[in-house]
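What follows is one structure encoded as structure tokens, with my remarks underneath.
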Amino acid sequence: MQKDNSWEKYTEEEVRRCDEVCKGYMDFLSSAKTERECVERITSDIEKAGYRDLDQIIAAGESLSPGDKVYRINMGKAIILFNIGEEPIENGMNILGAHIDSPRLDVKQNPLYEDGGFAYLDTHYYGGIKKYQWVTMPLALHGVVIRPDGSKVNITIGEKESDPVFFVSDLLPHLAQEQMTKKATEVITGEALDIIIGNRPLKEDKDDDKKDKEKEKDPAGPVKKAIIAILEKEYGIGEEDFVSAELEVVPAGAAREAGLDRSMILSYGQDDRVCAYTSYQAMLEVPEVKRTACCILVDKEEIGSVGATGMESRFFENTVSELLDRMGCYSELALRRCLSASTMLSSDVSSGYDPTYAASFDKKNVSVLGGGMVLNKFTGARGKSGSNDANAEYLAHLRGIFEKENINFQTAELGRVDLGGGGTIAYILALYGMNVIDSGVAVLSMHAPWEATSKADVYETMRGYEAFLKHAERIG
Ligand code: MN
Ligand code: MN
């Protein structure tokens, strides 16, 4: 099957609309770089569109009915949206799902140390990264510090022009003869990914006897001491507060248009914020639905969907139970019926065809940038292992919807058979017996500090989600 290029069929008006959607997307990428920041940004956007907090509705004992729009947040790191439709909810929902965590370097719980005149923060990388890509680039620090009394300090350093940035050093080529012979997996080790955060020692009064005695008790070096002083003065936190912090080191800087033709977007964290953004935007674009629309945006996909905020947690099921309860129709059977009758687009990025690494792909079965929304019937590795293999009947239903709404879509596998593979959240939702397919957007340089997408694919995917929310029905 020849893949259509979206740009070739666009009218000027469609190009304008595509640019408008991507402008919003780039603003989202630049301002929401962590799962917590995504949840905050999404909550603010959807509240403007009339979405209300389900937990407040439960606390107030209010009931819900068709037309109501609600959301529920899980520990500040995952969020689920519902737009209640006219049809009985036992007939199932149309569900969009994506993840809002991205590969990065996480600051350890006892991170601050001094060596050779530099103050460092020790990190442990999160998700699948090529470690050598993270050295010598401007890095920003995002996250929260929670004090024992529960008070929270939000940290974002390195995004504003006037902010300082951080970096991981690398060996100069002149002295790298040994390093350059190492395998790419070893050339930069995990423990070498500590970020440099200071080089200026605290100026101390050398003649002061009392201070000398204190120095003996506290072995912290002068540069580390200076950093601690800054943390206390500017953020009101002490070294011990790192214990209850979640600080993420990400590439500094905003999303950019890429290419002389401005056809692409280069940004950190497009896996999987490209699907998350287009999913919740589609929810906002379809204010009235026949079938209840749902959008699940989860954390921890990059490390296996584990934990209370990952897809494997019961949070989704518990939340649907609460929703049914507020609608006055909760029973264990009604919940099971609703979930098994649902249809889902489980979205994540797909590996876009890269001509420089052509041998890694099957050219007929790979997504291309500009080729439209991607449908992956299956993912997995070594004989589809670990994959959610979507039903042909479901694929046929989706084809019909996309053809009707003139959505440009393509089918793809991640890469050449037996070369590798990856997982998504699709198989977890499939456990309920619902129809689920992997879908999403093609990305070049996936999991690199800066990933590339096609603007046209962002636009087509958002349109595809809209069409799905409007037209998808219970299968069989
Ligand atoms: Mn990923
Ligand atoms: Mn992903």
Side-chain angles (χ1 to χ4, degrees), residues 25 28-29 32-35 37-39 42 77-79 95-106 125-131 133-134 248-251 255 265-280 295-307 309-312 344-352 354 360 366-367 369 373-381 386-388 390 412-415 419-430 436-454 457-458 461-462 465:
Y25 170 49
F28 176 76
L29 284 171
K33 289 191 170 182
T34 67
E35 47 288 314
E37 289 170 358
C38 282
V39 167
I42 293 164
K77 293 190 260 187
I79 184 168
I95 305 172
L96 299 172
H99 68 92
I100 48 178
D101 60 316
S102 296
R104 61 184 187 245
L105 311 179
D106 280 347
Y125 66 97
Y126 172 97
I129 61 167
K130 288 178 163 179
K131 298 179 202 79
Q133 292 176 335
W134 287 73
E248 305 180 9
V249 179
V250 298
I265 294 167
L266 193 71
S267 172
Y268 165 70
Q270 300 206 67
D271 176 4
D272 184 33
R273 277 164 221 158
V274 65
C275 298
Y277 182 78
T278 45
S279 288
Y280 90 84
C295 176
I296 310 170
L297 303 172
V298 284
D299 178 29
K300 298 285 183 282
E301 192 277 339
E302 295 295 358
I303 57 167
S305 298
V306 292
T309 54
M311 194 66 238
E312 280 188 1
M344 182 184 193
L345 293 180
S346 168
S347 290
D348 209 336
V349 290
S350 199
S351 54
D354 186 339
S360 301
V366 66
S367 55
L369 263 66
M373 179 177 174
V374 183
L375 295 177
N376 302 81
K377 186 174 185 298
F378 52 86
T379 57
S387 130
N388 160 68
E413 291 191 31
L414 191 69
L419 185 62
T424 64
I425 62 168
Y427 77 96
I428 305 164
L429 278 301
V436 185
I437 187 166
D438 281 289
S439 61
V441 176
V443 170
L444 219 59
S445 318
M446 192 195 293
H447 280 210
W450 296 90
E451 304 170 309
T453 55
S454 155
D457 294 340
V458 175
T461 304
M462 194 191 84
Y465 294 155

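Every heavy atom of this structure was used, including side-chain atoms; hydrogens, water molecules and symmetry mates were not. Just so you know, ligand 1 is whichever comes first in the structure, and atom 1 is the first atom listed for that ligand.
Its N, O or S atom nearest to the Mn ion (ligand 2) is what matters here, and for Asp348 that atom is OD1.
Rounding to the nearest 10°, we obtain 100° for the angle at the Mn ion (ligand 1) between Glu302 OE2 and His447 NE2.
Not a single N, O or S atom of Asp272, from either the backbone or the side chain, sits less than 2.8 Å from the Mn ion (ligand 2). Between the Mn ion (ligand 2) and Asp271 there is an N/O/S contact shorter than 2.8 Å. At a threshold of 2.8 Å, the Mn ion (ligand 2) has no backbone or side-chain N, O or S atom of Cys275 nearer than that distance.
Judged purely by distance below 3.5 Å, without hydrogens or angles, the side chains of Gln133 and His447 never pair a donor atom with an acceptor atom.
With Lys77 contributing its side chain and Thr34 its backbone, the two residues share no donor-acceptor pair below 3.5 Å. Although no hydrogens or angles enter the test, the distance criterion places a donor-acceptor pair under 3.5 Å between the side chain of Glu451 and the main chain of Asp271.
When the options Asp438, Asn388, Asp348, Asn376 are evaluated for a side-chain hydrogen bond (donor to acceptor under 3.5 Å, both in side chains) with Thr424, the one that passes is Asp438.
Here the straight-line distance linking atom OH of Tyr25 with atom OG1 of Thr278 works out to 8.0 Å at 0.5 Å rounding.
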